[in-house]
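What follows is one structure encoded as structure tokens, with my remarks underneath.
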Amino acid sequence: MGKAKALKDKLYGAAVLKMSFRLRGDEESPAFRFVYPGVLRDLELEDEAVERYIEENREAVEKAARGSTPPIGTR
């Protein structure tokens, strides 16, 4: 069995996913509305916590959502 992700890693992943759709103006798209709730469920997160994480880490989240940040583990 794999190692459990830390809460901050879960929040980061969900926030980057959400921001990638937000930056394209696709938060109302069928793809987002299908994928994002499943991610929240699988990671056991609430959208409010993801939004709070985005507010507190906006620059890093936007940078990662634009593909400007190396994946976790290679930084």
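Heads up: numbering here begins at 1 and tracks the sequence.
- Nearest heavy atom pair, residue A65 against residue S20, reads CB-N, 3.7 Å.
- The shortest heavy-atom contact between K18 and I54 is CD-CD1, 4.3 Å.
- Legend: residues meeting side chain to side chain donor-acceptor pair (under 3.5 Å) with E56, ordered by chain and number and at least two apart, are absent.
- Between V61 and M19, the shortest heavy-atom distance links the atoms CG1-CB, 3.6 Å.
- For R33, the CZ atom counts as loosely surrounded, since its 6.0 Å shell holds 12 or fewer non-hydrogen atoms of other residues, nucleotides or ligands.
- Screening residues 36-45 for side chain to side chain donor-acceptor pair (under 3.5 Å), with sequence neighbours left out, gives Y36-D47.
- With rounding to the nearest 0.5 Å, the separation of CG in L23 from CZ in R66 is 4.5 Å.
- The two residues A14 and L45 come nearest to each other via the heavy atoms CB-CD1, 3.9 Å.
- The CG atom of L40 sits 9.0 Å away from atom CD of E48, with the distance rounded to the nearest 0.5 Å.
- With respect to the salt-bridge test (charged N to carboxylate O, under 4.0 angstrom), the residues R22 and E51 qualify.
- V50 and L11 make their closest contact through N-CD2, 4.0 Å (heavy atoms, listed as atom of the first residue, atom of the second, distance).
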